[in-house]
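Everything numeric here is computed off the predicted structure, so don't read it as measured data. Every chain is numbered from 1, with letters handed out A, B, ... down the list of sequences.
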Protein chains: 2
Amino acid sequence: MADKRRFSGVIAPVLTPFGEDGGPDTERFVAHCEWLMAEGCTGLAPFGTTSEGNSLGLDERMELLEELVDSDIDAARLMPGTGAPSLADTIVLTKHAVELGCGGALMLPPYYYKAPSEEGLYRFFSEVIDGVDDDELKVYLYHIPPVAQVGFSLPLIGRLIKAFPDTVVGLKDSSGDWSNTAAILEAHPNFEVFPGSEIFLLDGLRKGAAGCISATCNVSAAAIRNVYDNWQGADADKLQAGITALRKAIQAFPMIPALKALVAHYRKDPGWAKMRPPFTDLPAAEADKLIKQLADAYNFKLDFAKAA
Amino acid sequence: MADKRRFSGVIAPVLTPFGEDGGPDTERFVAHCEWLMAEGCTGLAPFGTTSEGNSLGLDERMELLEELVDSDIDAARLMPGTGAPSLADTIVLTKHAVELGCGGALMLPPYYYKAPSEEGLYRFFSEVIDGVDDDELKVYLYHIPPVAQVGFSLPLIGRLIKAFPDTVVGLKDSSGDWSNTAAILEAHPNFEVFPGSEIFLLDGLRKGAAGCISATCNVSAAAIRNVYDNWQGADADKLQAGITALRKAIQAFPMIPALKALVAHYRKDPGWAKMRPPFTDLPAAEADKLIKQLADAYNFKLDFAKAA
């Protein structure tokens with residue numbers, strides 16, 4: 001049976017490099033995206049949490065996306081984050097992504113006002129979908145309560161799927177709570193569910209998950225892809241144990257600055273490590289410790305030669 | 001001694017009415033602002049939390065502000081909310097407000113990423129101020145941890161005042177924690193501090209606060225102004241008790257929908273009650289209960305005759 005899913009496999013929420021002037025660095029950004037696809041990513045999710053996406057302005061997000069669509073990467077492989085606190089800005093960003101041909105839109109709930117009702121969130125997404133008004137729109141709900149505070153309950157997910165079966169097609173679960181991911185997979189077998197960490201990749205695939213969308217795909221896409229490609233093989237558990245261990249070693253550091261420090265080090269491009277406020281760069285001593293730990297314990301390195 | 005403060009007194013975070021099409025209703029908005037000034041507000045803070053400001057798109061906020069500046073209200077009396085999760089959008093909104101001649105900008109911290117470091121927040125505001133690059137900019141820090149989750153610590157406030165003494169001139173404290181407001185007032189006697197509720201108005205004024213910026217100013221500005229004007233008089237405590245009781249009666253309901261329901265009722269304009277998702281309107285039965293309770297206990301009503 002043909003895979004009818006729009007997205008599956010290993011999707012990186014792409015890091016956003018910044019230039020000397022503090023603005024997004026388009027050249028570094030597109031080069032990183034192309035390298036990620038060469039490393040085995042099946043798709044890219046720019047402007048996620050890992051991308052410092054919510055630290056980018058509307059214009060910056062749209063300009064970067066236009067550059068990416070102009071690259072060699074197929075727009076159908078792109079699932080940009082288009083969420084914003086307001087209905088109006090969410091519609092602007094989502095319409096723009098759909099018009100550029102992006103395969104999906106990864107959508108945060110409106111996250112400024114806390115504890116909104118299920119009805120209020122349902123209406124928000126209904127109005128976004130009505131406002132974008134395009135059959136090509138495919139919405140992936142972005143559930144990340146540790147950061148957004150506002151999330152998607154099981155009843156809300158069910159209600160949105162029922163009302164918009166051809167539009168609300170998937171979800172990224174960054175709750176860190178496997179029982180939540182499992183419950184969504186059980187309730188909605190045809191929904192494209194992506195755990196937000198590769199730690200849950202094998203368990204997810206065995207229960208029908210579509211793959212994973214994970215920060216660490218920025219530096220370990222090849223190994224994660226290997227689990228995805230061989231999840232029914234005899235070595236699957238062993239391969240999973242490898243990517244789980246690496247993930248845990250990285251997430252012992254502040255995740256986004258740590259990932260940028262790794263890319264900066266192996267690209268021999270110190271400027272890559274730059275974070276936009278309110279984030280700060282990983283201190284040099286921490287970066288050295290991270291690089292050494294990963295090299296010693298996992299023979300970790302990044303090879304940028306193939307992204308010529 | 002002349003009052004060197006830019007803002008003082010009773011400032012309303014203005015409710016934002018929506019039209020049938022779901023967009024902001026400019027005509028109702030400007031009329032409400034003019035009525036608030038006639039009721040005794042000394043200034044207006046559009047696009048605050050009460051304004052559903054974070055549910056408005058960048059363009060909607062800028063267009064509404066332009067309409068307001070074109071009205072009879074002096075732009076120097078306006079302190080629009082210009083905060084956004086991203087550095088870039090915060091600069092766009094703030095620059096726009098300063099160029100329109102607004103007396104101040106009420107600025108949220110970047111609120112998507114949680115638990116940012118003091119250094120990261122300091123750099124965020126430094127870069128906003130550098131980015132706006134206008135001596136006319138007057139920043140009012142907007143501390144509302146119950147909603148934004150991210151707030152301003154005392155050391156951060158001190159550091160910003162020290163680095164930008166002519167720019168970072170005040171703060172709205174919506175922590176609901178009087179001891180926090182008192183600590184800021186003690187540490188920074190010349191800082192324009194506004195408690196976020198009139199419950200703390202008299203205590204605040206006695207300790208050097210500049211006034212208050214409170215949601216309920218949308219429906220009880222005259223009574224709050226009366227406390228402000230007579231805070232050194234013999235009746236001050238009694239007047240304060242009156243506005244405290246009314247505030248408590250209103251905040252027993254969901255605050256923003258309740259305020260809109262009151263305006264809708266007394267304007268005989270049911271459309272005024274409309275909330276934008278993720279908020280939902282106050283149910284009719286709740287609105288009736290609120291209106292009756294306030295009328296019975298406080299002889300409460302709104303008179304729109306004077307805003308011809």
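- Within residues 80-88 of chain A, the residues approaching chain B closer than 4.5 Å by heavy atoms are, in numerical order, A/Pro85, A/Ser86, A/Leu87, A/Ala88.
- For a residue to count as touching a neighbouring chain, one of its non-hydrogen atoms must lie under 4.5 Å from one of that chain's; by this rule B/Leu93 does not touch chain A.
- Inspection of non-hydrogen atoms places no residue of residues 161-172 of chain B under 4.5 Å from chain A.
- Residues of residues 53-67 of chain B lying under 4.5 angstrom from chain A, judged on non-hydrogen atoms, are B/Gly53, B/Asn54, B/Ser55, B/Leu56, B/Gly57, B/Leu58, B/Glu60 in numerical order.
- Neither the backbone nor the side chain of B/Ile91 comes within contact range of chain A; no heavy atom of the residue lies under 4.5 Å from a heavy atom of that chain.
- For residues 111-133 of chain B, heavy-atom neighbours of chain A at less than 4.5 Å comprise B/Tyr111, B/Tyr112, B/Tyr113, B/Lys114, B/Pro116, B/Ser117, B/Glu119, B/Gly120, B/Leu121, B/Arg123, B/Phe124, B/Glu127, sorted by residue number.
- B/Asp135 CG: 12 or fewer foreign heavy atoms inside a 6.0 Å radius.
- Of the residues considered (B/Val147, B/Leu108, B/Val150), B/Val147 shows the highest number of contacts with chain A, using heavy-atom pairs under 4.5 Å.
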